[in-house]
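Everything below concerns the one structure shown next.
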Amino acid sequence: MKRSVLTRYRVMAYVTAVMLLVLCTCMVFKYGFDKGEGLTLVVSQIHGVLYIIYLIFAFDLGSKAKWPFGKLLWVLVSGTIPTAAFFVERKVVREVEPLINDGSPVTVKA
């Protein structure tokens with residue numbers, strides 16, 4: 001597996017998690033204080049698009065790492081739970097790092 005697969009996942013995990021926290025903050029202001037309805041709409045749409053990209057990259061990583069369905073589902077759903085993606089991302093990185101080959105030349109003994 002290439003390092004770029006993990007890097008894409010990591011970037012989208014952080015971006016999606018941050019956008020979800022921003023969206024939660026916007027929702028508090030929208031429903032708690034009747035402020036920022038337009039901003040909430042924009043942030044929710046941006047988060048939705050970014051979450052779809054996150055799903056694609058997480059599924060790609062899961063298929064290349066040969067995760068069981070339950071683990072893949074947990075990683076996919078973690079993008080919908082505020083702050084969960086931060087913790088799941090760290091665990092995924094620890095598990096996937098050993099599977100990465102950097103494309104460095106491998107010496108073969110004859």
Side-chain angles (χ1 to χ4, degrees):
M1 177 185 341
K2 293 183 180 178
R3 179 167 296 281
S4 62
V5 175
L6 180 61
T7 303
R8 290 186 315 199
Y9 164 76
R10 291 184 75 185
V11 168
M12 288 311 300
Y14 279 116
V15 169
T16 303
V18 169
M19 284 303 295
L20 184 57
L21 291 175
V22 171
L23 178 60
C24 289
T25 304
C26 288
M27 297 294 267
V28 167
F29 278 98
K30 178 182 177 183
Y31 292 109
F33 304 109
D34 288 330
K35 303 269 187 213
E37 187 172 330
L39 180 63
T40 303
L41 177 65
V42 171
V43 170
S44 66
Q45 291 176 347
I46 292 171
H47 172 69
V49 170
L50 292 173
Y51 181 67
I52 291 170
I53 296 168
Y54 168 80
L55 289 176
I56 293 167
F57 289 164
F59 185 80
D60 183 40
L61 178 65
S63 64
K64 289 180 179 167
K66 296 180 174 74
W67 288 338
F69 180 73
K71 179 178 178 116
L72 179 62
L73 186 63
W74 172 241
V75 171
L76 295 176
V77 169
S78 71
T80 64
I81 303 168
T83 69
F86 293 115
F87 300 106
V88 172
E89 182 271 337
R90 290 304 319 148
K91 186 174 181 184
V92 165
V93 169
R94 275 186 256 124
E95 292 177 4
V96 173
E97 279 283 334
L99 303 175
I100 294 176
N101 63 10
D102 292 325
S104 56
V106 177
T107 57
V108 178
K109 296 182 181 180

If you measure from [atom1] on [X] to [atom2] on [Y], what distance do you get to the nearest 0.5 Å?
X: Y9; Y: T16; atom1: OH; atom2: OG1; answer: 9.5 Å
X: L41; Y: K30; atom1: CG; atom2: NZ; answer: 7.5 Å
X: R8; Y: I53; atom1: CZ; atom2: CD1; answer: 11.5 Å

Quiz item: Among V43, L50, V49, which one satisfies side chain to side chain contact (heavy atoms under 4.5 Å, CB included) with I46?
Solution: L50

Do [X] and [Y] share a hydrophobic cluster, counting only Ile, Leu, Val, Met, Phe, Trp and Tyr and linking them when any side-chain heavy atoms are less than 4.5 Å apart?
X: V77; Y: I56; value: yes
X: L20; Y: V28; value: no
X: V93; Y: F87; value: no
X: V75; Y: I81; value: yes
X: F33; Y: M27; value: no

Practice problem: Kindly write out the residues that satisfy side chain to side chain donor-acceptor pair (under 3.5 Å) with S78, not counting sequence neighbours, or none if the list is empty. | Solution: Y54

Would you name the heavy atoms of [X] and [Y] that are closest together and state the gap between them?
X: A85; Y: A13; value: CB-O, 3.9 Å
X: Y14; Y: E89; value: OH-OE1, 3.0 Å
X: G62; Y: L72; value: CA-CD1, 4.1 Å
X: Y51; Y: T80; value: OH-CG2, 3.4 Å

Quiz item: Hey, are the side chains of V92 and R10 touching, using non-hydrogen atoms and a 4.5 Å cut-off?
Solution: no

Practice problem: Enumerate the residue pairs fulfilling side-chain hydrogen bond (donor to acceptor under 3.5 Å, both in side chains) with a member in residues 38-48, sequence neighbours excluded, ordered by first and then second residue. | Solution: none

Quiz item: Quick check: does any side chain N or O of S63 sit under 3.5 Å from a backbone N or O of D60, one acting as donor and the other as acceptor?
Solution: yes

Quiz item: Taking everything shown except F86 itself, do over 12 heavy atoms lie less than 6.0 Å from its CZ?
Solution: yes

Quiz item: Above 12 or not: heavy atoms from other molecules or residues under 6.0 Å from OH of Y31?
Solution: no

